[in-house]
Amino acid sequence: MTQYWLMKSEPEECSIDDAINAPDATVPWTGVRNYQARNFMRDGMKVGDGVLFYHSSCPEPGIVGIAKVASGTRPDPTQFDKKSPYFDPASKREEPRWLLLDVKAVKKTRLMGLPELRDTPELADMVVLKRGNRLSITPVSEAHWNFIKRKLVGG
DNA sequence: GCCAACGTTGGC
DNA sequence: GCCAACGTTGGC
């Protein structure tokens, strides 16, 4: 069964344009350092699942594109890279703590910004809009997915 | 730069 | 297992 997700990315690190312009429009989703988000990748996300590509920590946070899950999980190499901001000295190669998967950008859309999301009654209970939410990966209901996709790409 | 909210760590 | 201290996220 296809499921749907919202994935936050800081555009300074990997924007929707970066993803679109990558080979095969596919990028490895590095840097997840939260167990709940990791577990979504490991246990919930399947190849072909729909992804809302979200820009965070930037002047105009919001949904900026449609993407999809393009691989299963594998160890995130940045956890072993001492020069990476994502280096985790506690993670062992024989027992990697952090995983990533590939995300393929399908379409860059207009910005559906956070204020617009908050102003849309149909989206009021989206996980990402919940007060205090900091998860970088959140599940999206099929109804929310369909609503947003219709708004952003029509049909 | 501020700060609310939340996760993680570590002493006990 | 509790919980205070600390660190991080992320919008503003």
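Numbered from 1 within each chain, the chains take letters A, B, ... in sequence-line order.
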Name the atoms and distances for all side-chain donor-acceptor pairs under 3.5 Å in residues 112-120 of chain A, with sequence neighbours left out.
from, atom 1, to, atom 2, distance (Å)
A:E116, OE1, A:R110, NH1, 3.0
A:E116, OE2, A:R110, NH2, 2.9
A:R118, NH1, A:L129, O, 3.1
A:T120, OG1, A:E116, O, 2.6

Show me the protein contacts with nucleotides 6-10 of chain C, counting only N or O atoms at under 3.5 Å.
from, atom 1, to, atom 2, distance (Å)
C:dG7, N2, A:R134, NH1, 3.4
C:dT8, O2, A:R134, NH1, 2.4
C:dT9, O3', A:R134, O, 3.4
C:dG10, OP1, A:K8, NZ, 3.0
C:dG10, OP1, A:R134, O, 2.8

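By the side chain to side chain donor-acceptor pair (under 3.5 Å) test, A:D17 pairs with A:K108, sequence neighbours left out. Every residue meeting the side chain to side chain donor-acceptor pair (under 3.5 Å) condition with A:D18, not counting sequence neighbours, appears here in chain and number order: A:S15.
Under a 4.5 Å side-chain heavy-atom criterion applied to ILVMFWY residues, the cluster that includes A:M45 comprises A:W5, A:M7, A:I16, A:I20, A:V27, A:W29, A:V32, A:F40, A:M41, A:V51, A:F53, A:V64, A:V69, A:L101, A:V103, A:L111, A:L135, A:I137 as well.
Rounded to whole Å, the distance from CG on A:L129 to P on B:dA4 is 21 Å.
Sorted by first and then second residue, the ring pair (Phe, Tyr, Trp, His ring centres under 6.0 Å) pairs with a member in residues 75-127 of chain A read A:Y35-A:W98; sequence neighbours excluded.
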